[in-house]
Every structure is written in structure tokens, then in C-alpha cells.
Amino acid sequence: MNPDVSTSASTTARRPVPTPPLAEPSGWHEIRLTVNGEPVTAQVESRLLLSDFLRDRLALTGTHVGCEHGVCGACTVLLDGEPLRSCLTLAVQCEGADLRTVEGLAADDEPLTPVQRAFHTCHGMQCGFCTPGFVMTATALTEQAERPSAADVADALSGHLCRCTGYRNIRRAVCQALDERFGK
């Protein structure tokens with residue numbers, strides 16, 4: 001046993017580590033944005049991820065958090081009409097933005113969107129964990145001014161991981177939604 005190390009209870013008790021100072025005068029910011037058509041104003045901490053803001057503060061749990069590295073695509077939302085990984089985006093970065101989540105596509109009393117119908121009809125899901133991200137990306141594709149090429153569709157879908165399927169039905173669903181929007 002090392003004579004310089006004491007194991008008595010008085011020396012093994014850890015002292016609390018002080019909280020490090022913030023790098024800026026205030027770690028809190030007021031943000032204003034539109035979420036699923038509704039204006040939202042909130043106080044958020046500088047480091048709060050958009051995915052956590054949506055899930056924990058706004059109770060929009062359709063935005064799933066899988067890998068937390070932006071690889072799986074389950075957290076995809078639309079920011080000003082463009083797909084975005086909410087697990088890689090800070091809530092403060094969304095100041096003034098128009099944000100849509102899967103909950104904002106069709107209310108409970110409304111018919112499903114063409115993308116949602118296509119995923120249902122083509123069985124473009126199994127466990128459903130990845131589905132919101134795929135649906136949001138497909139929604140962005142159907143909202144483009146011109147029909148995206150097959151290569152553009154493949155590129156957009158390559159940013160998503162599904163551990164249940166072989167992607168065939170997901171691709172069929174996206175193509176069906178695009179056919180409905182742009183024609184064959």
C-alpha cells in the first residue's frame with residue numbers, strides 16, 4: 001500500500017467541482033419561431049439541441065432520436081422547407097425559422113398527406129422508429145418545384161438508416177408520392 005495515499009473516509013470524500021463559467025454573459029436566449037404553423041416563443045439554453053427542444057419542451061415526440069450523430073436520420077425535420085438533422089442543430093439556430101415536424105403534416109381530424117398515404121399503402125415501415133425521418137425527407141422531395149431525379153431521391157434517402165427493412169417498400173412509397181405529385 002502506498003504510504004502517501006490515505007483511505008480514510010475524511011480524505012476519500014470528493015469536494016464538489018464548481019460549475020465552469022459560461023463562455024458568454026448569458027447562457028439563455030429567447031427564440032421565436034414557427035413550429036407546425038404555430039408561433040412559439042421560448043427561453044432556451046445555448047447548448048439545447050433542437051431535438052431535445054422539440055421532444056422535451058414542446059412534447060413533439062414524433063421526432064425520434066436514434067444515433068445522436070446525424071447518421072440515422074430519425075430526427076429529420078423541415079427547417080424552412082429543407083430537411084435538417086435536429087440532433088445536430090441547436091435550438092437557438094432556429095430563431096425566426098419555420099419548422100415542421102411529422103406532427104405538423106396532418107392533424108388527427110385531417111386526411112393523411114400523399115407521403116403518409118404512400119407509406120401506409122406501400123408498407124414503407126416496420127417498427128416505425130425511422131419512419132418520421134423518412135416521411136419528412138420525402139415530404140421535402142414532393143414539395144420541390146420540379147420532380148427530383150431518381151439519383152436525387154436515392155441521395156436523399158441514403159441519409160437514413162432503417163434496421164428492419166430492405167428499403168424496397170420505402171423507395172416504393174416515395175416514388176408513389178412523387179407520382180401523385182408530379183405524375184408518372
Side-chain angles (χ1 to χ4, degrees), residues 33-40 49-51 53-55 58-91 93-184:
L33 66 155
T34 302
V35 179
N36 297 331
E38 298 293 325
V40 173
L49 293 172
L50 178 58
S51 57
F53 175 69
L54 293 170
R55 293 180 60 78
L58 300 183
L60 296 172
T61 56
T63 301
H64 294 167
V65 179
C67 68
E68 297 187 80
H69 297 303
V71 176
C72 73
C75 68
T76 302
V77 296
L78 300 184
L79 184 73
D80 295 329
E82 294 296 320
L84 173 94
R85 301 291 195 265
S86 64
C87 74
L88 297 178
T89 305
L90 298 172
Q93 293 176 283
C94 299
E95 170 65 33
D98 179 33
L99 186 72
R100 276 193 296 160
T101 68
V102 71
E103 290 93 344
L105 295 180
D108 290 340
D109 58 342
E110 294 176 359
L112 296 176
T113 67
V115 172
Q116 290 171 314
R117 275 195 316 274
F119 268 76
H120 176 77
T121 302
C122 297
H123 307 286
M125 67 202 92
Q126 266 187 311
C127 80
F129 189 82
C130 66
T131 305
F134 274 111
V135 166
M136 296 311 292
T137 295
T139 297
L141 290 171
T142 63
E143 292 177 352
Q144 292 181 2
E146 296 179 13
R147 185 185 184 112
S149 69
D152 291 336
V153 172
D155 185 54
L157 296 181
S158 72
H160 295 272
L161 298 177
C162 176
R163 295 177 183 231
C164 299
T165 70
Y167 299 95
R168 172 180 281 158
N169 290 344
I170 293 169
R171 286 192 305 266
R172 276 191 21 213
V174 173
C175 288
Q176 180 176 310
L178 290 170
D179 287 347
E180 184 174 331
R181 163 74 168 86
F182 296 103
K184 288 193 179 203

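Here the structure is a predicted model, which means the values were calculated and not measured.
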Any Leu49 side-chain heavy atom under 4.5 Å of Leu90 side chain: yes

Output for pair (Glu103 CD, Thr61 OG1), nearest 0.5 Å, gives 6.0 Å

How long is the gap from CZ on Phe129 to SG on Cys164, to the nearest 0.5 Å? 10.5 Å

Would you say that more than 12 heavy atoms from the other residues, nucleotides or ligands in this model lie under 6.0 Å from the CZ of Arg168, or not? no

Residues which pass side-chain contact (heavy atoms from CB on, under 4.5 Å) with Pro148, listed by chain and number, not counting sequence neighbours: Leu141, Gln144, Asp152, Val153, Leu178, Phe182

Listed by chain and number, what are the side-chain contact (heavy atoms from CB on, under 4.5 Å) partners of Glu146, not counting sequence neighbours? none

With rounding to the nearest 0.5 angstrom, report the CG to CG distance, Asn36 to Leu78. 9.5 Å

Would you mind reporting whether Leu50 and Gln93 have side-chain heavy atoms less than 4.5 Å apart? no

Considering only heavy atoms from C-beta outward, does the side chain of Leu60 approach that of Phe53 to under 4.5 Å? no

Test item: Val40 and Leu58 side chains (from C-beta on) under 4.5 Å apart, heavy atoms: yes

Quick one, Arg147 and Asp179 - any side-chain contact, counting heavy atoms below 4.5 Å? yes

Mind checking what makes salt bridge (Lys or Arg N to Asp or Glu O under 4.0 Å) contact with Arg55, not counting sequence neighbours? none

Phe119 and Ile170, any side-chain heavy atoms less than 4.5 Å apart: yes

